[in-house]
Amino acid sequence: NVLMPMGWDAFGLPAENAAMKSAQAPAQWTYDNIAYMKQQLKSLGLGIDWSREVKTCTPEYYRWEQWLFTRLFEKGVIYKKTSTVNWDPIDQTVLANEQVIDGRGWRSGAVVEKRDIPMYFFRITQYAEELLSGLDQLEGWPEQVRTMQANWIGKSFGVRFAFTHGNDEKLWVYTTRADTIMGVTFVAVAAEHPLATRAAQNNPALAAFIEECKQGGVAEADIATMEKKGMDTGLKVTHPLTGEQVPVWVGNYVLMGYGEGAVMAVPAHDERDFGFAKKYNLPIKQSIQVAGEAFSTDAWAEWYGDKERGVCINSGKYDGLNYSAAVDAIAADLKAKDLGDKQVQFRLRDWGISRQRYWGCPIPIIHCPSCGDVAVPDDQLPVVLPENVVPDGSGSPLAKMPEFYECTCPKCGGKAKRETDTMDTFVESSWYYARYSSPQCTTGMVDKASAQHWLPVDQYIGGIEHAILHLLYARFFHKLMRDEGLVPGDEPFKNLLTQGMVIAPTFYREESNGKKLWINPAEVDVATDERGRPTGATLKADGLPVVIGGTEKMSKSKNNGVDPQAIIDEYGADTARLFMMFAAPPDQSLEWSDAGVEGAYRFLRRVWKAVSDHVAPGVVAAYREGELSTAAKALRFQLHQTIAKVDDDLGRRKTFNTAIAANMELLNALGKFTEQTPAARHVMQEALEAIVLMLAPIVPHLGQALWSELRPGSDLLDQAFPKADPAALVQDEIELVIQINGKLRGSLRVSKDADKATIEQLALAHEAVVKQLAGGTAKKVVVVPGRLINVVV
RNA sequence: GCCCGGGUGGUGAAAUUGGUAGACACAACGGACUUAAAAUCCGUCGAGGCUUAACCCCUCGUACCGGUUCGAUUCCGGUCCCGGGCACCA
C-alpha cells in the first residue's frame with residue numbers, strides 16, 4: 001500500500017519526446033504521461049483511487065480546520081493576545097520578515113515600525129517538552145534537523161527571581177547564570193515594560209528614547225545585529241541577596257515578548273552586558289574566577305563567560321562554588337526569601353497564526369459587543385472566502401467587505417462582526433498529510449480507521465528550509481489531533497529526507513516608490529570576468545543595467561526560478577529527470593545550471609542502443625547457471641556488485657547520483673564485452689534487464705519501453721527490483737594496496753583466504769617495498785584485511 | 001549576531017566505518033570515420049618535476065592555519081567564505 005503525498009510530477013511531466021523519437025525510438029514513445037500512468041496502474045488492478053486528491057484551499061478542508069479551531073479555542077489551546085509585528089507605515093500593512101532588512105523596510109530607506117495588534121495564538125509551548133523529547137525517537141530523521149529543532153525549542157535550566165522596589169513591588173527576571181548574581185550591576189527592561197512606562201511619565205527624554213526603541217524590526221536577526229542602546233530610568237531596585245540598590249535601565253535589546261521583559265545584567269560575565277557597560281560607563285564587578293587567568297575590565301576575554309571552569313569569587317558565602325553548586329545554593333536562598341526559584345524555560349514561543357491576508361482559512365470567530373469573541377457554531381461552518389475580491393495592496397481585503405464581516409452573534413443574536421484575519425497557511429500545511437488518509441470524509445477531519453491504516457507517513461520529503469517551522473508545526477498539530485482522538489501515534493513522519501535548495505542568482509531594479517522589482521535570470525544577460533565571476537548584468541529587453549542580488553533559493557518573491565520546461569521540450573522528461581538526479585545528491589544545495597544535460601541524454605541513447613542491438617538477433621532468457629568465460633564471470637561480478645550498490649543508494653542512502661553513475665559504469669563495461677556465445681548472450685540479457693529495472697524509477701518511460709523490448713508481453717510494473725546474487729560476488733583473488741608511510745606505492749593480488757602473516761611476507765618482498773627499505777628493516781607493518789598494507793619505514 | 005549545513009580539477013561531483021583523492025559525467029584538446037557536417041567511437045585531461053628504455057618514477061595538492069594518527073577530504077582546535085533558518089515568503 002502506497003500513499004503518495006506528492007505532486008503529479010512524480011510521474012514525469014507530460015512532454016512530447018521529440019528528441020528521443022528522432023533517436024530511433026518506437027512510435028509508442030509519445031504519450032500523455034499522467035493519462036498513461038493512470039491507465040497502466042488501473043489495468044494492473046492496483047486499486048488506485050485517482051479521486052483521492054487533497055486540496056488545502058477548499059471549503060471542505062476549511063470546514064474541518066475551523067471545526068478544530070473552535071474546539072481548541074474553547075479549550076484555551078488557542079488564545080488571543082496582543083503581539084508586536086513589523087509595520088509598514090506607508091502601506092499601513094504588516095511587513096513580512098523578509099521584507100525587513102536591518103530594521104529597514106523593503107523600500108530603500110524606509111524605517112520599519114513595531115506595532116501591537118491582536119492575534120490568535122496556538123499554545124505550542126504547552127507541548128515544548130514533548131516536542132523536544134520526541135526528537136530522540138525520530139531515528140529516520142536527519143541529525144541536522146533534530147539538532148536544529150532542539151536548539152529552536154531551547155530548553156534551559158535557570159532561575160527566575162525578583163528584585164524588589166517601592167511598596168513591596170517585584171521586578172522579575174530569568175537567568176541561566178544565577179551563579180553570577182553577585183556581579184549584577186544593573187537591570188535592563190524592555191521599552192514596553194510597565195516600569196519603563198512609569199519612569200517615562202515625568203521624563204521626556206526617556207519617553208523619546210522609548211519611542212525610538214519602537215522603530216526597527218522585531219525579527220531575532222534585527223535585534224541581534226542592531227546597535228545596543230539604553231537609557232537610565234533613574235529608578236532603583238533592591239538586589240535580593242545583597243540588598244544593594246541596582247539601577248534600572250531601558251535597553252532596546254530587551255524584548256517584552258521574551259521571558260519577563262527584563263534581564264539582570266552582569267557585565268563581567270556576559271559579553272553583551274560587558275559592551276553595554278563599557279558604552280554607558282556602568283560598573284563591572286567580577287564574580288567568577290578561572291584559575292591562572294587575570295581579570296581586566298579593559299577588554300572582554302572568552303573565559304569571563306566560561307561556566308565549565310569558573311568558580312565564584314567576590315561572592316561572599318558562595319566563594320569557591322562551581323556553576324551548578326552556586327546555582328543550587330543561590331536558588332535555595334532566593335526561595336527561602338520567597339523571591340525566586342529554579343525554573344525550566346523554553347526559547348520556543350507560542351505560534352501566532354493571524355494574518356491580514358485574503359488567502360488562508362478564515363478564522364471562525366465572531367466578535368460580539370456583548371458576548372465577546374464567540375466561536376462560529378458547527379452548523380455555520382465553513383466560513384468561506386468571498387470570491388469577488390479586488391486586492392488593493394494594503395491591508396486585508398476582507399476587512400473592507402461588510403458583506404463578509406457583518407453578521408449576527410450566534411449566542412445573543414445581536415449585531416456582530418466576523419473576524420477578518422485569516423490563518424497562517426502553515427496551519428493548512430500542518431495536517432494535509434492526515435487528510436490524505438481520508439480525502440472524501442465528510443463527517444470529520446479524518447476518518448479514524450483510515451488514519452489508523454495510513455499514518456504515520458513512511459517517507460516525507462521536503463526542502464531543508466522547512467527544517468524548523470513547518471516540521472515543528474506539523475509535529476505539534478499531529479499531537480493536537482492525537483489529543484482530540486483523531487490520529488494514531490505521536491509523530492506524523494517516520495522518515496524524513498530534506499532536500500537541499502536549488503539556488504539561482506537574483507536581479508532587481510529599484511522602482512520610483514523605493515520597492516524592488518525582481519527580474520528573472522532568464523531575462524538578464526550577465527557579463528563575467530575571466531574567472532567567471534559576474535561583473536555586471538543588463539536586462540535583455542532594454543539593454544540597461546540591473547542590480548545583481550545574492551544567489552538565493554528559488555522563490556516566487558525573488559523571481560529567480562528556472563523552468564525545466566526548456567530541457568523537457570528539447571530532450572524529454574526522462575532526460576530532464578535523469579539529469580537532475582545525476583547533478584548532486586538530493587540533500588545538497590545546488591546552483592542551477594543546465595550544463596551536462598547532453599551527457600544524460602547521451603547515456604539514455606546508449607542504453608537504448610545497447611538494448612536494441614542485443615534484442616536484434618532475438619530475445620533470450622536471462623543467465624541462470626553453467627560454465628562462463630573469465631570475462632563473463634567478471635561481468636557478472638560487476639553486475640551484482642552494481643545491483644547491491646544501487647539498491648543501497650536508492651533505498652538507504654538516497655544518493656541517486658551515485659546510483660546513476662554505477663549504472664553508467666556497468667553500461668561502459670557492457671560495451672567492452674563482445675563475446676557472442678549463447679552463455680554470454682544470457683549474461684548480457686541479465687545485465688540489460690537489471691539496468692532497465694534499476695533505472696526505471698528515474699526514467700520510467702524509457703524503462704517501460706525497453707522492458708517491452710527485452711521481455712515482450714511482460715510489464716515492467718510487475719517486476720521486482722533486481723536482487724544481488726551472492727554467488728556471483730565470490731572472488732578467488734583480491735587486490736591489496738601497498739602503502740609506504742601512508743603513501744601509495746604499489747599493489748598486490750592475493751588469495752581471498754590469505755592470512756596476515758602471508759600478506760605481510762608478500763608485501764615485504766614486493767619490489768617497491770624492497771626499493772624503499774634499501775636494505776633496512778620496516779619499523780612497523782599495518783595490515784588492513786581486504787584493503788591495504790602500510791609499511792612504516 | 002545566533003543555530004544548522006557546505007567549501008575537493010576548467011565545471012557538476014565521487015571517495016558509505018580514518019585506509020588507493022578526483023569514480024561517473026560536462027567542457028576542452030587530439031585522433032578515427034565522413035566529400036562535409038551531425039551523430040558515433042578511441043585517446044588526453046589536478047599542479048609541478050624527471051626520464052625518453054618504460055604511459056615509469058618523484059614532489060605537492062581536498063578553503064586557510066595548526067593538532068591527533070602508521071595513515072586525515074573524513075577526527076579535534078582556530079580562521080575565512082558561501083548557503084539555509086531566525087518565528088508574517090511558505
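Note that the structure is a prediction, hence the values are computed from the model and not measured. The sequence lines fix the lettering, A, B, ..., with proteins before strands; numbering per chain opens at 1.
- Residue-level contact check: A:Gly352 touches the backbone only, with heavy atoms under 4.0 Å from sugar-phosphate atoms and none from bases.
- With a 3.5 Å ceiling on both atom-pair distances, the Watson-Crick or G-U wobble partner of B:rC60 is B:rG46.
- Distance from the side chain of A:Val737 is smallest to B:rU20 among B:rA90, B:rU20, B:rC24.
- A:Leu95 comes within 4.0 angstrom of the backbone, heavy atoms only, and of no base.
- Taking atom P in both B:rC24 and B:rA14, the straight-line distance is 14 Å, to the nearest Å.
- RNA chain B is contacted by both A:Arg652 and A:Ser429; A:Arg652 maps to the nucleotide lying nearer its 5′ end (nearest heavy atom per residue).
- When heavy atoms are screened at a 4.0 angstrom cut-off, A:Gln356 is found touching base atoms of the nucleic acid.
- Within 4.0 Å of A:Lys645, counting heavy atoms only, lies at least one base atom of the nucleic acid.
- A donor-acceptor contact under 3.5 Å is formed by the side chain of A:Lys553 with the base of B:rC89.
- Counting distance only, with no hydrogens placed and no angle test, the side-chain atoms of A:Asn151 and the base atoms of B:rC3 include no donor-acceptor pair under 3.5 Å.
- Remark: B:rA39 base-pairs with no nucleotide in the shown strands. Criterion, Watson-Crick or G-U wobble with two distances under 3.5 Å.
- Looking at heavy-atom distances under 4.0 Å, A:Arg272 makes no contact with the nucleic acid at all.
- Of the listed nucleotides (B:rC24, B:rU16, B:rA39), B:rA39 has the atom at the smallest distance from the side chain of A:Arg605.
- The side chain of A:Met664 lies closest to B:rC24 when the candidates are B:rG84, B:rC24, B:rC89.
- Looking only at side-chain heavy atoms (C-beta outward), A:Asn560 and A:Ser555 come within less than 4.5 Å of each other.
- When Watson-Crick and G-U wobble pairs are counted only if both distances are under 3.5 Å, B:rA15 pairs with no nucleotide at all.
- In the set B:rA21, B:rC24, B:rC3, B:rA21 carries the atom at the smallest distance from any side-chain atom of A:Leu744.
- The side chain of A:Gln588 lies closest to B:rA13, out of B:rA13, B:rG1, B:rC89.
- For A:Asn668, whose side chain is taken as the heavy atoms from C-beta onward, the closest listed nucleotide among B:rC86, B:rG84, B:rC24 is B:rC24.
- Note on A:Ala467: nothing from the nucleic acid sits closer than 4.0 angstrom, heavy atoms only.
- Residue A:Thr551 is classed as a sugar-phosphate contact, given heavy-atom separations below 4.0 Å to backbone atoms only.
- Side-chain proximity of A:Ala96 to the nucleotides B:rC24, B:rC89, B:rC70 is greatest for B:rC89.
- Comparing B:rG18 with B:rU62, their C1' atoms sit 15 Å apart, to the nearest whole Å.
- Considering only the side chain of A:Ile503, B:rG83 comes nearest among B:rG83, B:rG1, B:rG19.
- Here the side chain of A:Asn790 is nearest to one of B:rA15, B:rG84, B:rC70, namely B:rC70.
- Taking the O4'-C1'-N9-C4 or O4'-C1'-N1-C2 dihedral as appropriate, B:rG61 has a value more than 90° from 0 and is therefore anti.
- Side-chain N or O atoms of A:Arg355 include none that pairs as donor or acceptor with a backbone N or O of A:Thr422 at under 3.5 Å.
- Put simply, the side chain of A:Lys743 and the base of B:rU20 share no donor and acceptor less than 3.5 Å apart.
- A:Val792 comes within 4.0 angstrom of the backbone, heavy atoms only, and of no base.
- Side-chain atoms of A:Phe582 lie closest to B:rG12 of the nucleotides B:rC88, B:rG1, B:rG12.
- Here A:Phe276 and A:Tyr253 bring their ring centres to under 6.0 angstrom of each other.
- Looking at heavy-atom distances under 4.0 Å, A:Arg787 makes contact with sugar-phosphate atoms alone, never a base.
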